[in-house]
Amino acid sequence: MIKIRDLEKIYRTEEVETVALNKISIDVKEGEFVAIMGPSGCGKSTLLNILGLLDDPDNGSFLFNNIEVAHFNERKRAELRKHNIGFVFQSFNLIDELTVFENVELPLIYTGVKSGERKKRVEEVLDKMQIMHRRNHYPQQLSGGQQQRVAVARAVVNNPKLILADEPTGNLDSSNGNEVMTLLTDLNEQGTTIIMVTHSEHDARYSHRIIRMLDGQTVLENIMV
Amino acid sequence: MIKHYIKVAFRNLAQQKVLTGINTFGLSVGIACFSLFLLYAVHEFSYDRFHTNADRIYRIVEWWQGEGREPGGAGGAYTPVAEAMKRDFPDVEYAVRLKGAGCLMKADNKVFHTSITYADTPFFHVFTFPLVYGSTRTALQHPNQVVVTKEKALQLYGTVNAVGRILQIKTDSAFEPYTISGVAENIPANSSVKFDLLCSFERIINHPEVQQSNKDWYMTIGMEAFVQLKPGSRLAYEQNRLDLFRKKYYPEDQRPRKKGRKAIKKEPEIQTSFRLQPIRDIHTNPQIEGGIDPKNIWLLITIAGAVLLIACINFTTLAIGRSAGRAKEIGVRKVMGSRRAQLIGQFLAESLLLSVASAITGLILAYTLLPLFNQLADRKLSFSPSRFPELPWLLMGLIILVALLAGSYPALVLSSFKPIEVLKQKIRVGGANLFTRSLVTLQFVLSIGLIISTIIILQQLSYIRSKNIGFNKENVVMINAEGIDSKKIYPLFKEAIQSHTGIVSVTASEMGLGSGEGQMGWGFTDYLGKVKGVIAYPGDYNFLNTMSMQLVAGRNFDPAIASDSMGAVIVNEAMVQQILGTTNEKSLGKQIKNAKGDAAPKTIIGVSRNFNFEDLTHTVRPQMFYRPAILQPSRIFVRLQAGDPRRQLALLDASWKKLVPDAPFEYHFLDEKFDNFYKNEKRWSAIAGWAGGISIFLACLGLFGLAALAAVNRTKEIGIRKVMGATVTNVVALLSKEFIKLIAIALVIASPLAWYVMHDWLQAYAWRINITWWVFAVTGLFALFVAVTTVSVQAVKAALSNPVKALRTE
Ligand SMILES: Nc1ncnc2c1ncn2[C@@H]1O[C@H](COP(=O)(O)OP(=O)(O)OP(=O)(O)O)[C@@H](O)[C@H]1O
Ligand SMILES: [Mg+2]
């Protein structure tokens, strides 16, 4: 599903030039659950953003479902992204002014789903995440675990083939964290490909494979048994 | 502490350069606009106060009331009244008569049209017009002395010190020498009493007309009279004394009128009295002829206030918005134990700093724009603290007011944030809360209202300018024939030019036509027994033909019929209806006599179709034309063929010079004279148009800032939405939607208000347009378009930014 070769990303500011990704090459097959680990600043988030088509690489090749997307412009990337990829962030990134229902509904609006259909699908997924009873609450009125469940609901409502999660448990205590990991595992078992950045060896154990990074490169891959 | 405030204020302002810039600039424009309008208003209200004795100088006015008409008066005084007052009232210290006339003056063989004012010798005791050269004591001592203004001295001799020079002045038939006895400072623009050349009243006292008017207490020669009362006198407010005076000299007032007639309607008799009008009241009392309506000045101040308010609203919303990002700083400061008063101090310091900066820029802007504004307002204003000592105070007050107005709300609101809430970052200010929304809506209500009004004013103006006024005013040159022996020269001039190609017709009249030309009226008793004024035009035989005025009954004047220059008149339809109360046909051949009965009766030989000889706030008044036995025209009218008039004008000029070498060829185009009726309206629409434009500009500036703030405040949200698949269009729509809603609300509020005000304004016109719905639609669309464009600039910028960055700022 994902095949990147010699991918480079360099951040240039006035004084310094940071090589965030240094000719990195990775393959992810459909249905896989991959964890990415490494010290802070090694380029994990940068990689995830490029895999999620939020950002573009400076060099190298990126095949997404066998299509070369490294040179895609913003509009094409957005088109591909909204139909195929869901995101879960460490800080949830819910919109404070919208209710739980409206937050989850958002991706469906932007992919042009009709309102009746939207209602059905949002309720379905809220039910699955067991936060149906909170549908009319605002994010600030929820606990961190509940917020992250809403974020996962939002990520999956469009039935994406790929879910990217950047430290999804980073802001949660262990029981809430485990709940989120179980959710992700369930999704993976139903066929969704998952790539997750984490600092927690415990969470990484939920995955099939761990990619370890250092200074913008992969240094080691552990296959889980 | 204060140093700390200012330091932090500077740092904050420097951090947000664009918003700070918008803030300052908008307020500067508002302040510039307001101070110019303020200057205008101060100028209008400052008329005549520069006289040292201003509070003791009064103009003698004649006041009418009764007969169901609005009470009112006029300043034209009868010749003997001033002297009689001085004689009868010990309170009167000085009495001064002023009589103005057109004249020609000659110096170094150059000839100019100008005006001369004859004044009684105490002139300089009463009025404060300092002399640059000469002495006010002796300047008017001899009838052959003349005082000129600095301006005239420069025009004549190229130097100010002209004392002792001999100036040739021609008022009747020949130039006569006058010695310049003084040079006066130029007359201040805010003076009701004006002169170019000033001469003693003695000079004309022996003139037969003046002699006669000095005996006939009802005859007026078009002069004004002022008195200066002794300190402490209350004569002006002791109306009974003035009434006794009136009774003594005008016993006929009391005689009942229309004895022989049956009284058809019982109407209260008109009552005439003398009043003393304070000189400071002359310019702004609309009840007495020539005074302007102070309502208009207040209206102007209101418009200026609206513009300033818009600028202040900008300042407030942007200040709130700017501080939105600082909610955390406030929270921290509070947790650290900062008291509320200290926080208020901090924010006030900031807005004070900004508003003082804006005020200084604004005043510089106003100063630079003053010449332009003077053109627009048709005034000669200057920021002169010596003429307007209150100006520095007013402007200082303005700055403080603006600082408080614009700075207090953000200071109060922000300092009251509960620290915990702030730390939780729950608060969203700028563009979102009800207060800011109302302010933005108010801004647009004002701007939209001003634009709608401007459009309607312009429509009305173009309507009355294009309205067929009943005769052909195009291609007519009106030549000034004052100060020449026109009864001899007119026929010669006519003879010399009329056969040339390009000259269609030549005629003349003893009265001019159009704005600023003056009118002559006769009183006639109407069929109900009331005296009404009729405007009289003593003109040549072919006056009506040349002007393309039409006859609806009877015939035109005919040089072959001898009686046509002895008592034959052509009256207009209005006169037939209002004075004679009959039909056009029946009025032919009727004899009419003036109300006083002192002139020979006239015979009606024709009826002319009504035409508008005044501005279109009036309906057509009764009017009559006659051919005097001896025609002494003051205006010669030449109708030219349409097209480039230069060749014909050169011909007129050359023929004029040949016949009258000692008077300049001075002319106006008649259509311009009629356009001048609407100078006021033109001025007003220009002012309203500018104010509307500036207010829209300011409102957009505010919107721009607000949109920028909204975009900044919602950076994260926009980022999330983009990750979820929002396109640029989605984001622009998201950000514009709120503003569009506000503008729609503003349109709904502004439309009926503007309609009401404009409907009221239009009532002043006898001929007026209907207000159409599309004016509101167009204005609404325009406001929407401008607002959406402004907001889009910001929205697109926000929409194009990389969402990853937005989420990283977390
Ligand atoms: N927009 C940017 N501009 C400049 N440098 C950047 C930018 N984004 C990231 N970097 C730099 O690129 C490098 C990789 O950053 P990245 O966010 O991918 O690290 P990370 O592995 O996700 O770290 P963490 O575990 O702390 O989240 C870092 O050195 C970071 O400072
Ligand atoms: Mg990271």
Side-chain angles (χ1 to χ4, degrees), chain A residues 9 11 20 45-56 73-98 102-113 138-141 150-151 153-155 157-158 160 164 166-167 170-171, chain B residues 324-325 327-328 331 417-418 420-434 436-437 709-735 737-738 741 795-810:
Chain A
K9 181 76 184 177
Y11 291 111
S45 296
T46 306
L47 176 64
L48 212 62
N49 287 337
I50 291 175
L51 291 178
L53 297 165
L54 290 173
D55 213 347
D56 50 350
N73 65 14
E74 159 71 19
R75 202 167 46 82
K76 279 176 160 175
R77 275 191 274 130
E79 197 53 35
L80 202 58
R81 179 172 72 222
K82 68 184 180 191
H83 290 290
N84 293 298
I85 307 172
F87 293 88
V88 181
F89 302 94
Q90 174 180 4
S91 52
F92 323 135
N93 280 337
L94 299 173
I95 296 176
D96 290 343
E97 290 73 26
L98 301 182
E102 288 162 346
N103 263 293
V104 176
E105 190 187 22
L106 214 53
L108 297 177
I109 291 177
Y110 290 131
T111 43
V113 178
Y138 287 90
Q140 302 283 344
Q141 299 166 316
V150 175
R154 186 180 62 182
V157 72
N158 236 349
L164 300 173
D166 196 346
E167 299 182 42
N171 280 1
Chain B
K328 215 167 202 158
F417 281 168
K418 296 195 182 68
I420 297 298
E421 268 176 55
V422 171
L423 286 177
K424 276 172 108 183
Q425 289 235 302
K426 261 188 165 176
I427 292 158
R428 278 184 78 221
V429 244
N433 70 20
L434 189 67
T436 358
R437 278 166 201 250
L709 275 173
V712 168
N713 287 350
R714 298 171 78 172
T715 307
K716 188 184 146 203
E717 179 189 340
I718 291 168
I720 298 172
R721 285 177 184 270
K722 285 194 73 184
V723 171
M724 297 299 137
T727 60
V728 173
T729 327
N730 291 143
V731 175
V732 173
L734 177 77
L735 288 178
K737 210 167 62 192
E738 262 178 56
K741 224 162 42 192
V796 167
K797 216 169 86 188
L800 285 177
S801 69
N802 191 336
V804 177
K805 274 199 193 121
L807 297 183
R808 271 182 67 92
T809 51
E810 188 47 16

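Labels below follow one simple rule: chain letters A, B, ... track the order of the sequence lines, proteins then strands, and each chain is numbered from 1. Not measured: the values here are computed from a predicted model.
Residue contact with chain B, scored on non-hydrogen atoms closer than 4.5 Å, is absent for A:Arg75.
For the pair A:Leu94 and B:Ile720, the tightest heavy-atom approach, listed with the atom from each and the gap, is O-CD1, 3.9 Å. The minimum heavy-atom distance between B:Val723 and A:Arg81, with the atom names listed, is O-NE, 3.6 Å. Considering all non-hydrogen atoms of both residues, B:Ala726 and A:Tyr110 come closest at CB-CZ, 3.4 Å.
Taken from CG in A:Leu106 to CG in B:Asn730, the straight-line distance is 9.5 Å, to the nearest 0.5 Å.
Side-chain contact check for A:Ile95 versus B:Met724: every heavy-atom pair is 4.5 Å or farther apart.
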